[in-house]
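First the structure, in the form of structure tokens, and then the observations on it.
In the text below, chain A, chain B and the rest are named by the order of the sequence lines, each starting its count at 1.
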Protein chains: 2
Amino acid sequence: MSAGHTAVTTSGTTTDEPVIVCETPQDECGVRDVLDRLGDKWSVYVVVELASGVLRFKELQRRIHGGISQRMLTLTVRRLERDGLVKRTVYPTVPPQVEYELTDLGHSLTHLVKSLADWSIAHRPDIAAAREAYDGKAAQEEPAAAG
Amino acid sequence: MSAGHTAVTTSGTTTDEPVIVCETPQDECGVRDVLDRLGDKWSVYVVVELASGVLRFKELQRRIHGGISQRMLTLTVRRLERDGLVKRTVYPTVPPQVEYELTDLGHSLTHLVKSLADWSIAHRPDIAAAREAYDGKAAQEEPAAAG
DNA sequence: CAGAATCCTAACCGATACTG
DNA sequence: CAGTATCGGTTAGGATTCTG
């Protein structure tokens, strides 16, 4: 897609946040691209684990928090490979040995994931508080319908 | 994503809230938090649209390209509200008017989304190339099954 | 206009069994 | 060890209908 869109700087945003100008119909400035990659349950974890070095399939599976199924690891890692984020090396030994590692592209994503994690960690209390407040208020609202 | 593991703290304190037990030294801890929020199809778009200012329900819906359904917009916006990322203001008029805007927390996420978009835009060609290469190679590998 | 409720499909994902 | 193939449960998400 040629990103030939006009920048409609709507109005003066009072804060210093980046004004996201987006009027591409199908792919909101490409956010969908990366979200599709990060959106599934496991991709990020694979990237994170691979960030520290080369790993074999089984080892990768073991290290992923929460226990990814073999099937999902295969799918995830294949998708990542297809997108050029992960490099897969097969050694024709017996038993077979396959190593996974991040490509440069994959490594560049690591920073982003780190930011994501940082934000998440930093604001987790806020989110938790917001949820509690919301749920509490919602519970008040609810008629509770006793008996 | 599901509310999957109902956090079994080591002390045996079984709480209701999804406490993320994470003893991994890596920064993966907490990534799920934000990914759960951004992982669904629409949250990011809502945040993006709201980044530029206050919007009403219908207007928000119209601006999200690709056409979000009314149902999904409601769900998305509610979740965002619950997490303290979006503020919802109801004006008791006729017809009803509801305005959505980012909270400070939501605005802080905007930076991240921006980074996401930037990365995506910057590396889209790489990803596209990688895919083409991968698919091409995969096609070669395929037996082609001549009849 | 805003949204709640219902129905239904597709995709995601895990468990299992089989292959090389 | 490193997959592939298949089945079934769960969920995401769209379309439609109804209410205030």
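The residue among A/P96 and A/R79 whose nearest nucleotide of DNA chain C lies closer to the 5′ end is A/R79. Ranked by how close their nearest DNA chain D nucleotide is to the 5' end, A/E99 and A/R71 are led by A/E99.
When rounded to the nearest whole Å, the span between CG of B/L75 and P of C/dA5 equals 11 Å. Distance CZ (B/F57) to C1' (D/dG20): 15 Å, rounded to an integer number of Å. Distance, A/E81 CD to D/dA2 P: 15 Å, rounded to whole Å. Here the P atom of nucleotide D/dA2 and the CG atom of A/L55 are 11 Å apart, to the nearest Å. A/Q97 has its CD atom 16 Å from the C1' atom of C/dG20, to the nearest Å. Distance OH (B/Y91) to P (D/dG20): 24 Å, rounded to an integer number of Å. Whole-Å rounding puts the A/K58 NZ to D/dC1 P distance at 4 Å. When the P atom of C/dA10 is taken as reference, atom CE of B/M72 falls 17 Å away, rounded to whole Å.
Nearest nucleotide to the side chain of B/V98, out of C/dA2, C/dC1, C/dA5: C/dA2.
Side-chain atoms of A/S120 do not come within 3.5 Å of backbone N or O of A/L116 as any donor-acceptor pair.
Between the side chain of A/Q70 and the base of D/dT4 there is at least one donor-acceptor pair of N/O atoms closer than 3.5 Å.
Residue B/R56 places no side-chain N or O under 4.0 Å from the OP1 or OP2 atom of C/dC1.
Few gaps surround CG on A/D135; more than 12 heavy atoms of other groups in view lie less than 6.0 Å from it.
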